[in-house]
Q: 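Before anything else, here's the structure in question.
Only this structure's heavy atoms are used, side chains among them; waters, hydrogens and symmetry mates stay out. We number each residue from 1, following the sequence as shown.
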Amino acid sequence: MTAFNTLTAILTQNKLEGLNYVDWKRNLEIVLIAEEYKFVLDESMESAYDILENLKEMFGDQNRTAKQITMKALLNTKMVEGSSVRDHVLKMMSLLNELEFLGANIDKDTQVEMILQTLPDSFSNFA
């Protein structure tokens, strides 16, 4: 069992129920310390906005990297002639949804156009 699975098991087996707050909090702190996220309990943020801004500052580079990887996958995806159009469009929609989740703002018309451009030449009458 990996360390992450062990830590997840600790939290799963020790849910907050009734009078076990002290034990639950101790187990939560153990997991957070082990995963190096203890600072979450120690932060003194006044509002949800402050917390979100702090998280953006801490993890912004990861978000940018994820967005670049997803955009590259989107731009390099081409449907193979004879493969399933449905599966291809679902894959493209998934990539576009992931980009939207990561903060990219691509309007719906552009999304449709991007998908159409990934289809093989045999679909040129759709463009």
Q: Do you know the tightest heavy-atom contact between Asp107 and Asp109?
A: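 What the structure gives for the nearest pair is OD1-N, 3.2 Å.
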Q: Provide the closest heavy-atom pair for Met92 versus Thr118 in the form atom of the first, atom of the second, distance.
A: CE-CG2, 3.4 Å
Q: In terms of hydrophobic clusters joined by side-chain contacts under 4.5 Å, are Leu96 and Ile69 together?
A: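 No, no single cluster joins them.
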Q: Has Asn76 got more than 12 heavy atoms of other residues, nucleotides or ligands less than 6.0 Å from its CG?
A: yes
Q: Do Leu116 and Phe123 come close enough that some side-chain heavy atom pair is under 4.5 Å?
A: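 No, too far: nothing below the 4.5 Å cut-off.
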Q: In this structure, would Val112 and Val89 fall into the same cluster of hydrophobic residues linked by side-chain contacts under 4.5 Å?
A: yes
Q: Should we say atom CG of Asn105 is surrounded by more than 12 heavy atoms from elsewhere, each under 6.0 Å from it?
A: no
Q: Write down the atom of Thr70, the atom of Glu98, and the distance for their closest heavy-atom approach.
A: OG1-OE2, 3.1 Å
Q: Can you see which heavy atom on Glu81 is nearest to which on Pro120, and at what distance?
A: OE1-CB, 3.2 Å
Q: State yes or no: do Ile115 and Leu90 share one hydrophobic cluster built from I, L, V, M, F, W and Y residues joined by side-chain heavy-atom distances below 4.5 Å, directly or via other members?
A: no
Q: Could you measure the distance from the CG atom of Leu102 to the CE atom of Met71? Nearest 0.5 Å is fine.
A: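 So the CG of Leu102 and the CE of Met71 are separated by 10.0 Å.
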Q: Take atom NZ in Lys91; do more than 12 heavy atoms of anything else shown fall under 6.0 Å from it?
A: no
Q: What are the two closest non-hydrogen atoms of Gln111 and Ile106, and how far apart are they?
A: NE2-O, 2.8 Å
Q: For His88 and Ser83, test the side chains for any donor-to-acceptor distance below 3.5 angstrom and give the result as yes or no.
A: no
Q: Assigning hydrophobic clusters by single linkage (Ile, Leu, Val, Met, Phe, Trp, Tyr; side-chain heavy-atom cutoff under 4.5 Å), is Met114 placed with Leu95?
A: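 Linked within one cluster.
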Q: Could you tell me whether the side chains of Asn97 and Ser94 share a donor-acceptor contact shorter than 3.5 Å?
A: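 Checked: Asn97/Ser94 side chains show no N/O donor-acceptor pair below 3.5 Å.
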